[in-house]
Amino acid sequence: MKTREEIFNSLKQEFPRDVLEFQNVPVEPVITVNPLAINKICHFLRDVEGFEFDTLMCLSGIDDANGEKITEADGTVTIKGGVLSVYYHLYSIKLNHKVTLKVSASRENPEVESVESIWKCADWHEREAYDMFGFIFLHHPDLRRILMPYDWEAGYPLRKDYKNPEFYQGIKIPY
Amino acid sequence: MKSLLDQEFTDSNIVITKVDDLLNWARLSSLWQLGFGLACCAIEMMATSASHYDFDRFGVIPRPSPRQADIIIISGTVTLKMATRIKRLFEQMADPKYIISMGSCSNSGGPYWEHGYHVLKGIDRIIPVDVYVPGCPPRPEALLEGLLKLQEKIRKESMVSKTV
(Lines give C-alpha, C1' and ligand atoms only; values in the text may rest on other atoms or scores of the structure.)
Protein backbone atom coordinates (compact mmCIF):
# COMPACT_ATOMS: atom_id res chain seq x y z
CA MET A 1 0.00 0.00 0.00
CA LYS A 2 1.38 3.40 -1.05
CA THR A 3 0.31 6.94 -0.21
CA ARG A 4 -0.53 9.29 -3.05
CA GLU A 5 2.59 11.32 -2.34
CA GLU A 6 4.78 8.21 -2.73
CA ILE A 7 3.01 7.36 -5.97
CA PHE A 8 3.58 10.90 -7.26
CA ASN A 9 7.30 10.78 -6.40
CA SER A 10 7.78 7.45 -8.18
CA LEU A 11 5.87 8.69 -11.23
CA LYS A 12 7.89 11.91 -11.30
CA GLN A 13 11.08 9.85 -11.29
CA GLU A 14 9.85 7.56 -14.08
CA PHE A 15 8.21 10.27 -16.28
CA PRO A 16 9.93 13.57 -15.35
CA ARG A 17 8.55 15.49 -18.33
CA ASP A 18 5.00 14.13 -18.43
CA VAL A 19 4.06 14.25 -14.74
CA LEU A 20 3.32 17.90 -14.12
CA GLU A 21 1.93 18.70 -10.72
CA PHE A 22 0.80 17.34 -7.35
CA GLN A 23 -2.14 19.16 -5.77
CA ASN A 24 -2.23 18.13 -2.13
CA VAL A 25 -5.86 19.03 -1.52
CA PRO A 26 -7.72 17.37 1.40
CA VAL A 27 -9.39 13.96 0.97
CA GLU A 28 -8.29 13.46 -2.62
CA PRO A 29 -4.88 14.72 -3.79
CA VAL A 30 -4.66 14.98 -7.58
CA ILE A 31 -1.73 14.26 -9.89
CA THR A 32 -1.81 16.29 -13.09
CA VAL A 33 -0.18 14.66 -16.11
CA ASN A 34 0.31 15.25 -19.84
CA PRO A 35 -2.83 14.22 -21.82
CA LEU A 36 -0.70 12.67 -24.58
CA ALA A 37 1.21 10.48 -22.08
CA ILE A 38 -1.70 9.27 -19.94
CA ASN A 39 -1.67 5.85 -21.63
CA LYS A 40 2.02 5.30 -20.86
CA ILE A 41 1.56 6.38 -17.25
CA CYS A 42 -1.53 4.21 -16.77
CA HIS A 43 0.26 1.24 -18.29
CA PHE A 44 3.05 1.75 -15.77
CA LEU A 45 0.58 2.06 -12.88
CA ARG A 46 -1.22 -1.12 -13.87
CA ASP A 47 1.74 -3.39 -14.56
CA VAL A 48 4.63 -2.41 -12.29
CA GLU A 49 4.97 -4.28 -9.02
CA GLY A 50 4.06 -2.19 -6.01
CA PHE A 51 1.42 -0.17 -7.90
CA GLU A 52 -0.83 -2.77 -9.57
CA PHE A 53 -3.86 -0.56 -10.23
CA ASP A 54 -6.15 -3.23 -11.62
CA THR A 55 -9.34 -1.13 -11.59
CA LEU A 56 -10.39 2.08 -13.26
CA MET A 57 -13.18 3.10 -10.87
CA CYS A 58 -14.31 6.12 -12.81
CA LEU A 59 -13.35 8.30 -15.73
CA SER A 60 -15.08 11.67 -15.83
CA GLY A 61 -14.94 14.82 -17.89
CA ILE A 62 -15.15 18.37 -16.54
CA ASP A 63 -15.52 21.73 -18.24
CA ASP A 64 -13.21 24.04 -16.27
CA ALA A 65 -14.70 27.06 -18.09
CA ASN A 66 -11.55 29.08 -17.39
CA GLY A 67 -11.29 30.68 -20.82
CA GLU A 68 -12.40 34.09 -22.01
CA LYS A 69 -16.18 34.52 -21.67
CA ILE A 70 -17.72 36.39 -24.60
CA THR A 71 -21.32 37.60 -24.32
CA GLU A 72 -23.06 37.35 -27.66
CA ALA A 73 -25.63 39.80 -29.02
CA ASP A 74 -28.51 37.50 -27.94
CA GLY A 75 -27.29 37.39 -24.32
CA THR A 76 -25.79 33.90 -24.43
CA VAL A 77 -22.19 33.28 -23.37
CA THR A 78 -19.50 31.62 -25.46
CA ILE A 79 -16.19 30.52 -23.95
CA LYS A 80 -12.95 30.87 -25.90
CA GLY A 81 -9.69 29.27 -24.81
CA GLY A 82 -9.12 27.58 -21.47
CA VAL A 83 -9.18 23.84 -20.86
CA LEU A 84 -11.38 20.77 -20.44
CA SER A 85 -10.20 18.11 -17.99
CA VAL A 86 -10.52 14.36 -17.56
CA TYR A 87 -10.18 12.75 -14.12
CA TYR A 88 -9.16 9.13 -13.63
CA HIS A 89 -9.90 7.40 -10.32
CA LEU A 90 -7.76 4.29 -10.01
CA TYR A 91 -7.93 1.58 -7.37
CA SER A 92 -5.81 -1.44 -6.64
CA ILE A 93 -7.93 -4.25 -5.23
CA LYS A 94 -4.78 -6.24 -4.52
CA LEU A 95 -2.86 -3.55 -2.61
CA ASN A 96 -5.86 -1.49 -1.43
CA HIS A 97 -4.59 1.92 -2.49
CA LYS A 98 -6.06 4.64 -4.66
CA VAL A 99 -4.86 7.47 -6.85
CA THR A 100 -6.51 10.28 -8.81
CA LEU A 101 -5.02 11.45 -12.10
CA LYS A 102 -6.02 14.53 -14.05
CA VAL A 103 -5.29 15.65 -17.61
CA SER A 104 -6.19 19.02 -19.11
CA ALA A 105 -6.56 19.60 -22.84
CA SER A 106 -7.32 22.78 -24.76
CA ARG A 107 -10.99 23.54 -25.35
CA GLU A 108 -10.50 24.02 -29.09
CA ASN A 109 -8.68 20.70 -29.64
CA PRO A 110 -9.19 18.46 -26.59
CA GLU A 111 -7.01 15.49 -27.58
CA VAL A 112 -6.34 12.88 -24.90
CA GLU A 113 -4.76 9.45 -25.31
CA SER A 114 -7.22 6.58 -24.76
CA VAL A 115 -6.76 4.14 -21.86
CA GLU A 116 -9.19 1.65 -23.40
CA SER A 117 -6.35 -0.77 -24.17
CA ILE A 118 -5.38 -0.77 -20.47
CA TRP A 119 -8.79 -1.07 -18.78
CA LYS A 120 -11.60 -2.27 -21.07
CA CYS A 121 -14.21 -0.44 -18.98
CA ALA A 122 -12.74 2.84 -20.21
CA ASP A 123 -14.34 2.16 -23.60
CA TRP A 124 -17.83 3.39 -22.68
CA HIS A 125 -16.55 5.94 -20.14
CA GLU A 126 -14.54 7.61 -22.88
CA ARG A 127 -17.45 7.48 -25.28
CA GLU A 128 -19.56 9.26 -22.67
CA ALA A 129 -16.89 11.92 -22.10
CA TYR A 130 -16.73 12.38 -25.86
CA ASP A 131 -20.52 12.60 -26.09
CA MET A 132 -20.92 15.14 -23.28
CA PHE A 133 -17.74 17.25 -23.63
CA GLY A 134 -16.21 16.49 -27.03
CA PHE A 135 -12.89 14.99 -25.92
CA ILE A 136 -11.05 13.29 -28.76
CA PHE A 137 -9.60 10.08 -27.31
CA LEU A 138 -6.74 9.12 -29.60
CA HIS A 139 -6.54 5.41 -30.52
CA HIS A 140 -10.00 4.66 -29.12
CA PRO A 141 -11.45 1.75 -31.17
CA ASP A 142 -15.02 3.07 -31.51
CA LEU A 143 -15.33 6.74 -30.59
CA ARG A 144 -18.95 7.72 -31.29
CA ARG A 145 -21.83 9.12 -29.24
CA ILE A 146 -23.25 6.78 -26.60
CA LEU A 147 -26.16 8.67 -24.96
CA MET A 148 -27.24 11.38 -27.38
CA PRO A 149 -28.61 10.42 -30.81
CA TYR A 150 -25.93 9.62 -33.39
CA ASP A 151 -27.15 12.47 -35.59
CA TRP A 152 -26.99 15.09 -32.80
CA GLU A 153 -25.33 18.09 -34.37
CA ALA A 154 -25.81 20.76 -31.69
CA GLY A 155 -22.53 20.07 -29.90
CA TYR A 156 -21.66 18.73 -26.46
CA PRO A 157 -24.41 19.20 -23.83
CA LEU A 158 -22.34 19.41 -20.64
CA ARG A 159 -20.07 22.20 -21.86
CA LYS A 160 -20.82 25.38 -19.93
CA ASP A 161 -21.48 27.39 -23.10
CA TYR A 162 -23.71 24.74 -24.71
CA LYS A 163 -26.85 26.00 -26.46
CA ASN A 164 -29.72 23.61 -27.00
CA PRO A 165 -31.24 23.73 -30.49
CA GLU A 166 -34.87 24.67 -31.22
CA PHE A 167 -35.63 21.49 -33.17
CA TYR A 168 -34.45 17.90 -33.46
CA GLN A 169 -35.75 16.01 -36.54
CA GLY A 170 -38.67 18.44 -36.72
CA ILE A 171 -39.59 17.98 -33.02
CA LYS A 172 -39.66 21.19 -30.99
CA ILE A 173 -37.33 20.89 -27.97
CA PRO A 174 -37.86 23.91 -25.63
CA TYR A 175 -40.86 23.70 -23.28
CA MET B 1 -75.05 4.29 -20.48
CA LYS B 2 -75.02 0.65 -19.38
CA SER B 3 -72.51 -1.57 -21.07
CA LEU B 4 -73.69 -4.38 -23.27
CA LEU B 5 -73.61 -7.19 -20.72
CA ASP B 6 -75.30 -5.07 -18.08
CA GLN B 7 -78.35 -4.54 -20.23
CA GLU B 8 -81.18 -6.93 -19.53
CA PHE B 9 -81.84 -9.56 -22.12
CA THR B 10 -85.33 -9.53 -23.54
CA ASP B 11 -85.03 -13.10 -24.71
CA SER B 12 -82.90 -15.89 -23.24
CA ASN B 13 -81.26 -16.69 -26.57
CA ILE B 14 -81.16 -13.47 -28.56
CA VAL B 15 -79.35 -10.25 -27.78
CA ILE B 16 -80.38 -7.30 -29.86
CA THR B 17 -77.87 -4.50 -30.11
CA LYS B 18 -76.31 -2.01 -32.47
CA VAL B 19 -73.17 -2.86 -34.44
CA ASP B 20 -71.48 0.18 -32.90
CA ASP B 21 -72.20 -1.05 -29.39
CA LEU B 22 -71.02 -4.57 -30.13
CA LEU B 23 -67.76 -3.41 -31.72
CA ASN B 24 -67.12 -0.88 -28.98
CA TRP B 25 -67.79 -3.45 -26.28
CA ALA B 26 -65.38 -5.88 -27.94
CA ARG B 27 -62.71 -3.24 -28.32
CA LEU B 28 -62.87 -1.77 -24.86
CA SER B 29 -62.98 -5.17 -23.16
CA SER B 30 -59.75 -6.51 -24.62
CA LEU B 31 -57.30 -3.65 -24.87
CA TRP B 32 -53.98 -5.37 -25.44
CA GLN B 33 -51.20 -3.06 -24.43
CA LEU B 34 -47.86 -2.88 -26.19
CA GLY B 35 -45.35 -4.50 -23.80
CA PHE B 36 -43.22 -1.44 -23.40
CA GLY B 37 -41.93 0.57 -20.44
CA LEU B 38 -39.59 3.53 -20.10
CA ALA B 39 -38.74 4.64 -16.56
CA CYS B 40 -40.06 4.60 -12.99
CA CYS B 41 -43.65 4.87 -14.28
CA ALA B 42 -43.07 1.48 -15.90
CA ILE B 43 -42.52 0.00 -12.42
CA GLU B 44 -45.97 1.26 -11.37
CA MET B 45 -47.39 -0.02 -14.66
CA MET B 46 -45.93 -3.47 -13.92
CA ALA B 47 -47.39 -3.31 -10.40
CA THR B 48 -50.74 -2.55 -12.04
CA SER B 49 -50.37 -5.65 -14.20
CA ALA B 50 -49.45 -7.84 -11.23
CA SER B 51 -51.91 -9.81 -9.14
CA HIS B 52 -52.81 -7.18 -6.54
CA TYR B 53 -54.19 -4.59 -8.99
CA ASP B 54 -54.76 -7.10 -11.79
CA PHE B 55 -54.90 -5.15 -15.05
CA ASP B 56 -56.10 -8.36 -16.71
CA ARG B 57 -59.58 -8.04 -15.17
CA PHE B 58 -60.13 -5.17 -17.64
CA GLY B 59 -58.76 -7.28 -20.49
CA VAL B 60 -55.39 -5.59 -20.55
CA ILE B 61 -52.48 -7.92 -21.21
CA PRO B 62 -49.04 -7.06 -22.55
CA ARG B 63 -48.50 -7.95 -26.19
CA PRO B 64 -44.88 -7.69 -27.28
CA SER B 65 -45.66 -6.77 -30.88
CA PRO B 66 -46.96 -3.43 -32.15
CA ARG B 67 -48.82 -5.22 -34.96
CA GLN B 68 -51.21 -6.88 -32.50
CA ALA B 69 -51.43 -4.23 -29.79
CA ASP B 70 -54.39 -1.89 -29.32
CA ILE B 71 -52.99 0.54 -26.78
CA ILE B 72 -49.60 1.98 -25.95
CA ILE B 73 -48.97 3.31 -22.43
CA ILE B 74 -46.15 5.85 -22.52
CA SER B 75 -44.82 5.11 -19.05
CA GLY B 76 -41.90 7.40 -18.33
CA THR B 77 -39.40 9.97 -19.55
CA VAL B 78 -39.25 10.16 -23.32
CA THR B 79 -35.80 11.20 -24.53
CA LEU B 80 -35.42 12.68 -27.98
CA LYS B 81 -33.56 9.55 -29.04
CA MET B 82 -36.47 7.39 -27.81
CA ALA B 83 -39.09 9.73 -29.30
CA THR B 84 -38.17 8.75 -32.85
CA ARG B 85 -38.46 5.06 -31.90
CA ILE B 86 -41.83 5.55 -30.18
CA LYS B 87 -43.17 7.32 -33.24
CA ARG B 88 -42.14 4.36 -35.36
CA LEU B 89 -43.70 1.85 -32.92
CA PHE B 90 -46.92 3.83 -32.91
CA GLU B 91 -47.01 3.93 -36.69
CA GLN B 92 -46.54 0.16 -36.77
CA MET B 93 -49.67 -0.40 -34.66
CA ALA B 94 -52.88 -1.22 -36.51
CA ASP B 95 -55.97 0.97 -36.18
CA PRO B 96 -57.94 1.35 -33.94
CA LYS B 97 -55.12 2.34 -31.60
CA TYR B 98 -55.08 4.35 -28.39
CA ILE B 99 -52.50 6.12 -26.27
CA ILE B 100 -52.37 6.67 -22.53
CA SER B 101 -49.74 9.18 -21.47
CA MET B 102 -48.68 8.11 -17.97
CA GLY B 103 -46.95 10.49 -15.55
CA SER B 104 -45.54 14.00 -15.60
CA CYS B 105 -42.58 13.27 -17.89
CA SER B 106 -44.71 11.88 -20.64
CA ASN B 107 -47.39 14.56 -20.16
CA SER B 108 -45.14 17.62 -20.23
CA GLY B 109 -41.48 16.75 -19.63
CA GLY B 110 -41.99 16.68 -15.85
CA PRO B 111 -38.89 17.59 -13.80
CA TYR B 112 -36.91 17.93 -17.04
CA TRP B 113 -39.13 20.63 -18.49
CA GLU B 114 -36.54 23.43 -18.19
CA HIS B 115 -33.02 21.98 -18.26
CA GLY B 116 -33.62 18.62 -19.95
CA TYR B 117 -31.69 19.17 -23.16
CA HIS B 118 -32.41 15.55 -24.11
CA VAL B 119 -36.06 15.19 -23.07
CA LEU B 120 -39.19 15.49 -25.18
CA LYS B 121 -41.51 17.98 -23.44
CA GLY B 122 -44.68 15.94 -23.76
CA ILE B 123 -45.42 12.88 -25.89
CA ASP B 124 -48.29 14.80 -27.56
CA ARG B 125 -45.65 16.61 -29.60
CA ILE B 126 -45.20 13.49 -31.71
CA ILE B 127 -48.31 11.26 -31.30
CA PRO B 128 -51.99 12.00 -30.41
CA VAL B 129 -52.84 11.20 -26.77
CA ASP B 130 -56.25 9.90 -25.64
CA VAL B 131 -55.87 10.02 -21.87
CA TYR B 132 -53.35 11.83 -19.66
CA VAL B 133 -52.68 10.30 -16.24
CA PRO B 134 -51.08 12.81 -13.84
CA GLY B 135 -48.61 11.83 -11.10
CA CYS B 136 -44.90 11.31 -10.56
CA PRO B 137 -45.25 8.40 -10.83
CA PRO B 138 -49.04 7.82 -10.73
CA ARG B 139 -50.24 5.13 -8.34
CA PRO B 140 -51.74 1.98 -9.92
CA GLU B 141 -55.22 3.26 -8.98
CA ALA B 142 -54.57 6.37 -11.08
CA LEU B 143 -53.55 4.27 -14.07
CA LEU B 144 -56.66 2.12 -13.64
CA GLU B 145 -58.77 5.29 -13.58
CA GLY B 146 -57.02 6.38 -16.79
CA LEU B 147 -57.92 3.07 -18.40
CA LEU B 148 -61.56 3.40 -17.30
CA LYS B 149 -61.63 6.89 -18.84
CA LEU B 150 -60.30 5.44 -22.08
CA GLN B 151 -62.97 2.70 -22.00
CA GLU B 152 -65.59 5.40 -21.53
CA LYS B 153 -64.23 7.17 -24.58
CA ILE B 154 -64.24 4.00 -26.70
CA ARG B 155 -67.82 3.22 -25.60
CA LYS B 156 -68.97 6.46 -27.23
CA GLU B 157 -67.25 5.78 -30.54
CA SER B 158 -69.12 5.26 -33.75
CA MET B 159 -68.21 3.60 -37.06
CA VAL B 160 -69.12 6.84 -38.79
CA SER B 161 -66.70 9.01 -36.87
CA LYS B 162 -63.97 7.99 -34.43
CA THR B 163 -65.23 10.02 -31.48
CA VAL B 164 -68.81 11.23 -31.11
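Throughout, a chain's letter reflects where its sequence line sits, starting with A, and its residues are numbered from 1.
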Chain B-proximal positions within residues 130-166 of chain A [heavy-atom distance under 4.5 Å]: A/Met132, A/Ile146, A/Leu147, A/Met148, A/Pro149, A/Trp152, A/Pro157, A/Leu158, A/Tyr162, A/Asn164

Between NZ on residue A/Lys172 and CG on residue B/Leu120, distance to nearest 0.5 Å: 11.0 Å

Under 4.5 Å from any heavy atom of chain B - which part of A/Ile171: side chain

Most contacts with chain A, counted as non-hydrogen pairs under 4.5 angstrom, among B/Lys121, B/His118, B/Glu114: B/Lys121

Verify same cluster id: A/Val83, A/Ile62 (apolar side-chain graph, 4.5 Å): no

Residues from residues 5-39 of chain A approaching chain B under 4.5 Å (heavy atoms): none

Within one Ile-Leu-Val-Met-Phe-Trp-Tyr cluster: A/Ile173 and B/Ile126, side-chain cutoff 4.5 Å: yes

Shared hydrophobic cluster for A/Val86 and A/Trp119 (ILVMFWY, side-chain gaps under 4.5 Å): yes

Over 12 foreign heavy atoms within 6.0 Å of NZ, A/Lys102: yes

Residues in residues 32-60 of chain B near chain A [non-hydrogen atoms, under 4.5 Å]: none

For chain A, which residues of residues 72-88 of chain B have heavy atoms nearer than 4.5 angstrom: B/Leu80, B/Lys81, B/Ala83, B/Thr84

Verify same cluster id: B/Leu150, B/Val129 (apolar side-chain graph, 4.5 Å): no

Hydrophobic cluster membership, B/Tyr117 vs A/Tyr168, 4.5 Å side-chain cutoff: yes

